[in-house]
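A short write-up of the structure that comes next.
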Amino acid sequence: QVQLVESGGGLVQVGGSLRLSCAASGRTFGGYAMGWFRQAPGKEREFVAAVNWSGQYSYYTDSVKGRFTISRDNTKNTVYLRMTSLKPEDTAVYYCAATVRPASTLVAGNADYWGQGTQVTVSS
């Protein structure tokens with residue numbers, strides 16, 4: 001079992017930056033691919049970014065490429081999402097996710113574990 005707790009969300013102006021963190025419980029954090037998803041009001045949850053167990057490979061949805069960076073620190077059982085050049089359309093609840101399967105599982109929209117979410121609001 002893995003428990004995921006997100007933090008770092010908030011209100012930011014257009015063009016600003018935020019860093020989300022996701023702390024995972026358990027001693028096998030390094031065995032999980034980790035990812036971030038988001039859900040805007042009235043929309044379905046969508047994949048944002050994923051990173052493989054070692055941090056060597058990362059994946060992004062097209063709309064955030066060049067602006068968001070996913071990273072992980074296996075010594076701290078934490079995955080991060082650095083978001084820059086934020087736009088109003090980035091406003092959503094952001095969810096951390098984990099899977100014991102390859103990171104491609106997250107890219108496909110699936111996960112074994114989910115966090116409770118953290119709100120990100122980008123104001124214009």
Straight-line distance of [X] [atom1] to [Y] [atom2], nearest 0.5 Å:
X	Y	atom1	atom2	value
S85	M83	OG	CE	11.5 Å
S21	R72	OG	CZ	13.5 Å
N52	I70	CG	CD1	10.0 Å

Backbone N or O of [Y] within a donor-acceptor pair of the [X] side chain at under 3.5 Å?
X	Y	result
E6	C22	no
R45	V93	no
T84	S17	no

For atom CD of Q39, is the number of surrounding heavy atoms from other residues, nucleotides or ligands below 6.0 Å larger than 12?
yes
Can you confirm whether E89 is buried at CD, in the sense that more than 12 heavy atoms of other residues, nucleotides or ligands lie under 6.0 Å from that atom?
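For E89, atom CD is crowded (more than 12 foreign heavy atoms under 6.0 Å).
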Which atom names give the shortest non-hydrogen contact between [X] and [Y], and what distance separates them?
X	Y	answer
G30	N74	CA-ND2, 3.9 Å
S123	L11	CB-CD1, 4.0 Å
V122	T91	N-OG1, 2.9 Å
A24	L4	CB-CD2, 3.6 Å
V79	M34	CG1-CE, 3.9 Å
L18	G8	CD2-O, 3.8 Å

Please tell me whether [X] and [Y] are part of a single hydrophobic cluster in this structure, the criterion being side-chain heavy atoms less than 4.5 Å apart.
X	Y	answer
L20	Y95	no
Y94	Y113	yes
L106	L81	no

Filter on ring pair (Phe, Tyr, Trp, His ring centres under 6.0 Å), then keep only pairs touching residues 41-86, sequence neighbours left out; what's left?
F37-F47
Got P88 and V14 here, is their nearest side-chain heavy-atom distance under 4.5 Å?
yes
Residues that D90 engages under side chain to side chain donor-acceptor pair (under 3.5 Å), provided they are two or more places apart
R38, R67
Step by step, work out the side chain to side chain contact (heavy atoms under 4.5 Å, CB included) result for F29 and K76.
CA-CA 9 Å; F29 177 74; K76 297 182 178 180; over 6 Å; no
Name every donor-acceptor pair, under 3.5 Å, that has one atom in a side chain of residues 96-104 and the other anywhere in the protein, sequence neighbours excluded.
from : atom 1 : to   : atom 2 : distance (Å)
T99  : OG1    : R101 : N      : 3.1
T99  : OG1    : R101 : NE     : 3.4
T99  : OG1    : D112 : OD2    : 2.8
R101 : NH2    : D112 : OD1    : 2.8

